[in-house]
Structures are given as structure tokens and as C-alpha cells.
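Here the structure comes first, spelled out in C-alpha cells, and everything after it is commentary.
Both ligands and their constituent atoms are indexed starting at 1 by order of listing. Since the model is a prediction, treat every value here as computed from it, not as a measurement.
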Amino acid sequence: MIGKLMIVLGIESSCDETAVAVVDDRRHIRSNVVLSQLEEHKPFGGIVPEIAARAHLDHLGGLIVRALDDAQVGFTDLAAIAATGGPGLIGGVMVGVTTAKAIAFARDLPFVAVNHLEGHALTARLTHGIEFPYLLLLVSGGHCQLLIVEGVGRYVRLGTTIDDAAGEAFDKTAKLLGLGFPGGPAVAQAAVGGDAKRFRLPRPMKGREGCHFSFSGLKTAVRYAVEGLPGGHPTAIDVADLAAGFQQAVADSLVDRTGNAIELFRERYPSADTLVVAGGVAANILLRGSLESLATANGMRLVAPPPALCTDNGAMIAWAALERLRLGLTDPLDFAARPRWPLDPDAPPAAFAGVKA
Ligand code: KG4
Ligand code: ZN
């Protein structure tokens, strides 16, 4: 440890990014390296778990050395070593957890297993220093949830998706439109200049009570729209219009559900005023603008971390670990990686929802 500063190294390997960062408890990101496995997975048009796990194994050691070098610290300066302990692709999670445990054992450091979703959920406290409680829209490739964040490890889930996550819908729609992977940025790029009103696409769940989401019907509507085109093949203009229409429909649906969540949040915490958006889809510019308008209309402020800290990274894992360390929370070296790890285990299951809810 340097002076009284607590410095933590965080490892993220639950999906297709191998990421390592060094962060201190004064909210300073000292280094942040992210290696994306885009090339490895591109030929398959999606993430292949076995390939992801092997790629994490190949790259993690080198990235840890780089993150320490960039931050100009050594293992002896660290207060702890953290890794995503789940939820995620279990092979990749195990690579990160095992590596962190080995370093913790060899260097006699505390080990912290971080819930990946808590990493996303607490990022706004790293980037903006906000206080609890706040309302969180967590939109990523694997999850789509509305949560009240009451404290570290204290979440009330107001809604979740009954089928696809928002990012998953972007990825599947991109594939359907012949755009690249990952789909979110590709759809957003293709949508520039597109006419969002040309195709009449549904706004899933809009106007319904509650805060649950659904995106598989929207994805299917895009497929029908493509099949209805002459020859069943979209031109570049068709792709732009469909991408714009899809992106707008997702934003409209997310805003509608978040509006309901604001009411529930306000019932519980009348004077709280912060809406946070986090997770990979929070990098979407249209969504950020729409949520900003919603927040303003409700007398709230929107806090959105910079896009590079919305998508998966090690800084959010190191930060969540720092938050836990400050409360005296660490994990034993026999911690087992968790494929599923809900933030609010007491939330009632959403009707018709699959296991990922
Ligand atoms: O949080 P994240 O990096 O990984 C998970 O925990 O899932 O989120 C990845 C997801 C992918 O589905 C990706 O297509 C989506 O975030 N995404 C976006 C954008 N950038 C990434 N979706 C919409 N617009 C974007 N600009
Ligand atoms: Zn994530």
C-alpha cells in the first residue's frame, strides 16, 4: 500500500473481453487495459465459450503485467486482488478467478470475488462519486434490469427481461441485417441517416404496468420486415432504416419501463433524484439522449459513465472490490465461480421468464 491509499487490481473475464485495471480508493483509475476477442469470435458471428476461455488464458498473464506497469505499481503496493466471480461464461470466469486466487495466495493478498453486475452497478460511484440510493437501468449483452441500488450488496430488482436482453437484441438484429459483431455499435453506426419511421416496429411492453422488458418480438418483427422486402434482401437504405427503427424502438421501450420504475423508486425514496444507466448498451448515444429527457421531465438527473466504462472492463471490478473492502468484505480462496448470481436473490421471478432473469 502507498501511504493510506488502497489500491486494487481487478480482473474481468466473464465474456469476450479480457480486462485488467488498477484503481485506488480516491476514484483514480491508474491503468485500464481491455483486450477484445473480436477476431477470435468473428467467424462464428457470436461468442463461442470454449474459444473465449482459451483466449482469456492466453492473454491474462500479459495483461496483468501491463496493467501493473501502466499504473507504476507492483503486487506489494496492492491492498487486494479482485476478479469477476460470476455471472458469465463459466470457463472464462474460472480463468479470472483462478488467476486472482493464485496471485492472492502467492503474494499473501486478500481476494475479492466481484459480482459482474455489481461492477456495472457501482461504476457511476467511481466515475461520478454519487451517493446511494439511486435508480439503475442495467442494460448489457446478458442482462436487462431495473434496480434500486440501496448500498453495496443491497439491491431491489424492479424489473427484468422475460426473454432477450437489450444487447442481445442488438446483436441478433445486427446479424439479421448482415452487420458486424458486436451488434450494438454496428446497428448504431448503420442507423445514422436512416429513417426510423419507415418500418412500423413494435414497442415491446410499452404502456403495460410494471418494469419488465421483452425484446424477442421486436427482433422477430425486424425479420418479418426483411422477409417482406423485394427478394427478401435489404438494400443499404433498407438496412439503415431498419437499424434506425430498431434502435428507436429499443430506446422507446427502455424509456417507458424506466418511467414506471421512477414512480416506484420515488414511492420508496421521495427525495432521491439520480437515474443511472450502465452496461454495454448504455454506450448507445440515442438511448442516453432519451433517458436524459426522461430524467429531466421527472426532475431527476441522468448519470451515465463514459462509454468505455459502460462496456466490460477491469476498472469496474477493481472499484466494486474497493467498495467491498471498505466494508471489510473479502472472499475465501475456496470461492467457486458462479454461472448465475442475481443481485437481488429475493426478487420474485418474472412470469414467463427464462433462467437468466
Ligand atoms: O456490458 P457488456 O460489455 O457485456 C455484458 O456484460 O454483456 O455489454 C455488451 C453488449 C453487447 O450486446 C453490445 O452489442 C452492446 O453491449 N453494446 C451496444 C453499444 N455498445 C455495446 N448496444 C447499443 N449501442 C451501443 N453503442
Ligand atoms: Zn457486462
Nearest to the Zn ion (ligand 2) - the N/O/S atom of Asp312, by atom name: OD1
Steps toward side chain to side chain contact (heavy atoms under 4.5 Å, CB included) verdict (Leu136, Leu146): CA-CA 6 Å; Leu136 171 70; Leu146 277 157; over 6 Å; no
Shortest reach to atom 23 (C) of ligand 1 by a heavy atom, considering only Ala191, Gly142, Gly184: Gly184
[atom]: which protein heavy atom is closest, and how many Å away?
| atom | answer |
| --- | --- |
| atom 4 (O) of ligand 1 | Asp312 OD2, 3.0 Å |
| atom 10 (C) of ligand 1 | Gly141 N, 3.4 Å |
| atom 24 (N) of ligand 1 | Asn284 ND2, 3.0 Å |

Audit row: Val48, His41, side chain to side chain contact (heavy atoms under 4.5 Å, CB included) steps and yes/no: CA-CA 6 Å; Val48 183; His41 299 290; 4.2 Å; yes
I want to know if ligand 1 touches [X] in the polar sense, i.e. an N/O pair below 3.5 angstrom.
| X | result |
| --- | --- |
| Thr311 | no |
| Gly167 | yes |
| Gly280 | yes |
| Phe170 | no |

Which atoms of ligand 1 are found less than 4.0 Å from any heavy atom of [X]?
| X | value |
| --- | --- |
| His120 | 1 (O), 6 (O) |
| His116 | 6 (O) |
| Asp171 | 11 (C), 12 (O), 13 (C), 14 (O) |
| Ser140 | 1 (O), 5 (C), 6 (O), 7 (O), 8 (O) |

Option passing side chain to side chain contact (heavy atoms under 4.5 Å, CB included) with Leu147 (candidates Leu343, Leu158, Val276): Leu343
Qualifying residue for side chain to side chain contact (heavy atoms under 4.5 Å, CB included) with Leu291, from Val255, Asn284, Thr296: Val255
Residues Arg288, Glu292: salt bridge by 4.0 Å N-O rule: no
From CA spacing to verdict: salt bridge (charged side-chain N to carboxylate O under 4.0 Å, His left out), Arg30, Asp24: CA-CA 7 Å; Arg30 295 173 159 241; Asp24 68 42; 2.9 Å; yes
Geometric class of the Phe213/Phe215 ring pair [parallel <30°, tilted 30-60°, perpendicular >60°]: parallel
Aromatic plane relationship, Phe170 with Phe246 - under 30° parallel, 30 to 60° tilted, over 60° perpendicular: perpendicular
Cluster link Val303 to Val152, ILVMFWY, side chain under 4.5 Å: yes
Whether Pro185 lies under 4.0 Å from ligand 1, heavy atom: yes
Any His143 heavy atom less than 4.0 Å from ligand 1: no
Vertex the Zn ion (ligand 2), rays to NE2 in His116 and NE2 in His120 - rounded to 10°: 100°
N/O donor-acceptor pair under 3.5 Å between Arg257 side chain and Met205 backbone: yes
